[in-house]
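All remarks here apply to the structure that follows.
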Amino acid sequence: MHDAAETVSATLAAPLDEAGLIRAAQRGDEDAFERLVRSYDQSVLRVAMNLLRSPEEARDVYQEAFLKVYRNLKSFRFDCAFHTWLYRIVTNICLDHLRRRKVRREESTVVETDDGSVDRMAQVEENAPHSDPERRMWNRELSAGIGRALDMLTPRERTVFELRHYEGLRLRAIGEIIGTSEEAAKNCLFRATQKMRASLEAFV
Amino acid sequence: MNCSEARKEIPFYCYGECSGETEERIEAHLAECPECRIELERHRAFLDALDSRVEATDGSLLASCRADLRTHIQSENTRRRGWLERLFEASRWHIPLRIPVGAMALVALGWFGARYTPQRFGGLEANLAEPMFSSVRSVESNGSGTVQIAVDDIRRRVLSGSLDDPHIQALLLNAAREESNPGVRVESIDILQNNADSEPVRNALLDALRHDPNAGVRLKALEGLKPYAGDEPVRRTLADVLLKDDNPGVRVQAIDLLTAHHDDSIVGVLQDVVQKEDNSYVRTRCRNLLEQMNASVGTY
């Protein structure tokens, strides 16, 4: 068992040659595909969760995105970085979800209760072992405020804002991902930032 | 650059998205314009506030997404195999196509069968107690009638035992470092914390607190270290976490543990935090604690 654990650690510690992994996965190597998935799936799930604020929808995005990658990997020609290609798939699926949500006028994740605004997603954190009610309240209000502000953005603005602010992607990469120029992504980020600041004025 | 141009660029300046030339022009303008400097500070405060958003991540969701994906891919491959099987079946009745299509289907079936549906492949000979495998790695004949087949074993084993059992404890310590699954790490730390009087367990908690990328795991480790908050190595780690951890929730918990034991040596750490901390809530907590300890808020 000890030897097996060491082998696993050694495998995990091995330098990840992404191009090599992609080529191996293109040839049908299931292990290579799984390693490729594991290099990116935490970020994919985080982006989907933060954009959609729904574990059910995030789960759907995860499955749909990686199945698309699996089915189309053979056609990936290294014209762009793999992560750009993957993020393009993920953001397109998320944008579809957000647009459908707008059409259905689905309720926001932020709901009004007798105790004020509450972000339903923030409730997950309520079970965390916090000792300070004051901090909990402050975090809850601010988080609900951020949720409300994000809900006011268009799907495209929200995606650009999420990728730039929370994922730390460069505007040039975001432009490639959403299929637009860096300048257009910059304008979109500016509009999103203005709206967010106006919405959160009471908190800062 | 005038004020209106500077204010349009401030959001991009904060993200490091301006060209070198634009950055220089903004900085030259800021040096002369107190109002735009205030605007820059307000924008930075806005960005800090955004970082207080609850991160909607969940370790168990990731684990179940991975399991679902594996199932989807497996069933997709099984469907492909089914199509080939039907093709092979049809070829038996159409004489002109029989040999080429049948041969192709046989080769493809063997390939898919060996790679993706091993439980069926192995099911003819193996009973249910035998391990199932995900793929055949190599097949070798030694010439004397026996064949050596290397397969990846995917059988799940359930082990149970007391937390005092060194084997169980070793598995849990290993699971606490399970790189890919924060859900497993949280559960393992949660169980291990009941045995935090053992040094290896305490070291694992300290290690998780310092290095685990998931804030939920770090919070669990903090919980387990609560009874040892007076110990020197634990206090050193807590002070480090307070200064370096990127999650304000973890930093606040570290403050709580550090201040649960009266110790003037933390004054310096708290003063440091007041100077460097970005999060206004954590800063305020430290400031209040320093005031309660009759210590000065700043360092001179």
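A note on names: the letters A, B, ... follow the listed sequences, proteins ahead of strands, and every chain is numbered from 1.
- Within the 4.5 angstrom heavy-atom criterion, only side-chain atoms of A:Tyr62, from C-beta onward, approach chain B.
- Using a 4.5 Å cut-off between heavy atoms, A:Leu142 contacts chain B through its side chain alone, with no backbone atom that close.
- The contact between A:Val37 and chain B is made entirely by side chain atoms (from C-beta outward), counting heavy-atom distances below 4.5 Å.
- With a 4.5 Å cut-off on non-hydrogen atoms, A:Gln194 does not touch chain B at all.
- For the options A:Arg164, A:Arg172, A:Glu201, A:Glu182, heavy-atom pairs under 4.5 Å to chain B are most numerous at A:Arg164.
- Heavy atoms closer than 4.5 Å to chain A are found nowhere in B:Leu222, neither backbone nor side chain.
- Of the listed residues A:Arg170, A:Met196, A:Glu34, the one with more heavy-atom pairs under 4.5 angstrom with chain B than any other is A:Arg170.
- Here B:Leu69 contributes atom CG and A:Phe33 contributes atom CZ; the two are 6.0 Å apart, rounded to the nearest 0.5 Å.
- When heavy atoms are compared at a cutoff of 4.5 Å, B:Tyr15 approaches chain A by way of both its backbone and its side chain.
- The distance from atom CZ of A:Arg38 to atom CZ of B:Arg66, rounded to the nearest 0.5 Å, is 4.0 Å.
- B:Cys65 is not listed as a side-chain neighbour of A:Asp41, based on a closest heavy-atom distance of 4.5 Å or more.
- Of the possible donor and acceptor atoms, one in the side chain of A:Tyr166 sits under 3.5 Å from a partner among the backbone N and O of B:Leu50.
- Across B:Ala49 and A:Ile146, no two heavy atoms sit closer than the pair O-CD1, 3.5 Å.
- For B:Glu41, no part lies near chain A; criterion is any non-hydrogen pair under 4.5 Å.
- In this structure, the side chains of B:His72 and A:Glu64 stay at 4.5 Å or more apart for every pair of heavy atoms.
- For B:Glu35, the CD atom counts as loosely surrounded, since its 6.0 Å shell holds 12 or fewer non-hydrogen atoms of other residues, nucleotides or ligands.
- Proximity to chain B involves both the backbone and the side chain of A:Leu171, based on heavy atoms less than 4.5 angstrom apart.
- Two residues are said to be in side-chain contact when any heavy atoms from C-beta on lie closer than 4.5 Å; B:Glu17 and A:Leu189 fail this criterion.
- Note that CG of B:Leu47 and OG1 of A:Thr193 are 8.0 Å apart. Values are rounded to the nearest 0.5 Å.
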